[in-house]
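Comments concern the structure below.
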Amino acid sequence: MRVSLKVSGMSCVNCAKAIEISLKKLKGVEEVHVSFELGRVVVSFNEDLLDVERIKGVIESLGYKVERVEGGPKDMQILIFCWLSSIAIMALMFWHSPYSPYFQLALAFLVQALGGYGFYKGAWSSIKARVGNMDLLVALGSTSALLYSLLAFLGIIPGEPFFETSAFLITFVKTGKFLEELAKDRALKSLRDLFGLQTVRVRVLKDGKEELKSLQEVFVGDVIVLRTGDMVPVDCKVLEGSLEVDESLITGESMPVKRSQGDRLISGSLVISGFAKAKVEKTFSGSYVNLLVKLVEETLSKRPKIQRLADKVSHYFVQFVVALSLIIFALWYIKTGSLSMAVNFSLAVLVVSCPCAFGIAVPLAIVVGVLRSQKKGLLIKDPSVFEKDVHVLVMDKTGTLTEGKPKLVNYVLYREDALALTCNMVKVSNHPYSLALREFCGDKRLEGIDINTCKEEVGVGVVCGEYVLRRGEEGQVALYENGSKLAEFFFEDVIRKGAKEVVEFLRSKGIEVIMLTGDRQDKARRIAKELGIREFFAEVKPEEKLSKIRELKERGLKVGMVGDGINDAPAMAEADLSFAVGSGTDVAKRVGHVILLRGIEGIRDFFEIKERTMRRIWQNLFWAFFYNAVGIPIAGGLLYNKGIYLRPEIAGLMMAFSSLSVVLNSIRK
């Protein structure tokens, strides 16, 4: 069984790691994927050995909440209280009264208890899971500062209390996390809308009355009511009324479209205006939006190589920081004999070194990249595609570079009524050539001439008494009467819109394009010439496509493949990076790493998003590394003799805004 749970309270990727490690210890758990970015835990398990309640219990025992929306009014109230209390403590430092220290002590303890509660929960979870995280460092730093101030206040140790340090430390970090969540919510709004669709209520018509039902209570054949502002919950067909819908969340198409009686509605579309009754064609489990949600969940549960490396560094870095803060404390106490100074430097190192920025540098950039791809009509099936470089992109011709259907480009009439006869004969056939002729006749508004009853004969063509419409010797279609040729029709496969621009773009990026096709040499040469493709291979069988991919890889090249048919699937599976055209077969889409819902124009969008995503990842990692490389020595007192040092609360502020800077860099356009 597979279950997906919404979990709140995770403050960084190491929290997600703690949940993953704890769940994997349960007998019966087969696979665990934790998405810190979306706050989701997906678990595959054996129902005979384990149940959902046990899984929930383990997660909640670590201090997290299952199926609860975080960031509500209560969190805002606590943050406001922390700010007011911290400012009051600072003001009381300048108000000389015998009661002032007592007020500072009381407020500091309240901030620690209320504002620090979440950090303590996260710290305890990390200790139980043996995975260090941001909460552990904040809890250690703020508690140490408060404990030192209390002991100094009671006269047990020498020095002056600094209650403002622990209070401002908690306040600054909570503020940074609050702003970080706001920025992440904005970046992931579309994905949250998708996942939130599972909780919507649907208006179902029953005996002429509207009844509100959950998605699980809506079945095929039910009639639902849709109004302005509604999100279409399931795949359905309009029975009456008309709507203007925004399908950008699903297809990436930015312009609203009109849907009226007989038109199909895609689940996940947003009703911009109008009113309609629609008949349910698929339940939620089978609807397009649910398939998309599952695909996004699976994509975000996978970790690219660079993210696995960052997670590993983040895990061990916490242990290093705790040890380093103890060493700094000992060195300064031995050097100066000042307990207050030693505590300050030790706390500053402990707080400034939080690995949160390093931990979210990769996953957040990946999530934003996946989201932007989805908005452009690109379905990313594995986030590791952003890491993959391509030297050569092999493209199928028919259905990929071309429309995959013939179009009438020329004809010759040997008898005046031949065209009208042909327009009538093709009405009984759905052969691609017949469809192309019907389209031409429709565009020219040619009615056709009524002749004897026509029928389509396999291997012969369309037969109407003495008239026969069939393939000629050179691939054209000809109309015959008792063996005499009355007309000839010439067809060509039409190049897809934007194909030439895509080829030019790839070449500008240093990616060579090779065309493979099973079509004839002359047709392949014409398409290659029009598109500016230098190298092509014609009359290639499916197994030969696979061999060609392997041959290119043996030359040390990174090879990409674009295809749409069953015959392309083996080659796509062999390629380092594969694209499946959205209008292609299910087999090709199953094999492809990226599905191009809007056609091959999406290839350009993919490479632009890929380049931007990897650039943001490296920028984030550089900033996180640079921040720690500069911050730790200063916090440890390396420049103290020059009058440059960090108080613990300022270190906390720097830590909070280092994480925020990574978030803002990831979501910026």
Inter-residue atom distance L596.CG - L378.CG, 0.5 Å rounding: 6.0 Å
Residues which pass side-chain contact (heavy atoms from CB on, under 4.5 Å) with F320, listed by chain and number, not counting sequence neighbours: F317, L324
Flag side-chain contact, heavy atom, 4.5 Å: Q112 against T143: yes
Within 6.0 angstrom of W83 CH2, more than 12 heavy atoms from elsewhere: yes
Shortest non-hydrogen contact between F386 and S373, atoms and distance: CZ-OG, 4.0 Å
Approximate separation, where rounding is to 0.5 Å, of D235 CG and F284 CZ: 10.0 Å
Atom pair CZ (R201) and OG (S214), whose distance is rounded to the nearest 0.5 Å: 5.5 Å
For H593 against V385, the heavy-atom pair lying closest together: CB-CG1, 3.6 Å
Considering all heavy atoms, the nearest A365-T613 contact: O-CG2, 3.6 Å
Side-chain heavy atoms of T283 within contact of V218, under 4.5 Å: no
Exceeds 12 heavy-atom contacts within 6.0 angstrom, atom NZ of K558: no
Between OG on residue S384 and CD1 on residue I366, distance to nearest 0.5 Å: 8.5 Å
Side chain proximity check, V232 to L243, heavy atoms < 4.5 angstrom: no
K610 and D389, any side-chain heavy atoms less than 4.5 Å apart: yes
V271 vs M231 side-chain heavy atoms within contact, under 4.5 Å: no
Side-chain heavy atoms of L265 within contact of L226, under 4.5 Å: yes
Minimum heavy-atom distance between V43 and I55, given as atom pair plus value: CG1-CD1, 3.9 Å
NZ/NE/NH1/NH2 to OD/OE distance under 4.0 Å, D222 and K213: no
A571 to I549 - nearest heavy-atom pair and separation: CB-CG1, 3.8 Å
Extract all donor-acceptor atom pairs below 3.5 Å that involve side chains of residues 602-609 and protein atoms in other chains or at least two apart in sequence.
| unit_1 | atom_1 | unit_2 | atom_2 | d |
| --- | --- | --- | --- | --- |
| R604 | NE | E608 | OE2 | 3.4 |

Aromatic plane relationship, W623 with Y627 - under 30° parallel, 30 to 60° tilted, over 60° perpendicular: tilted
Sub-4.5 Å side-chain heavy-atom contact between E281 and V220: no
Close side-chain approach of P233 to I224, heavy-atom, < 4.5 Å: yes
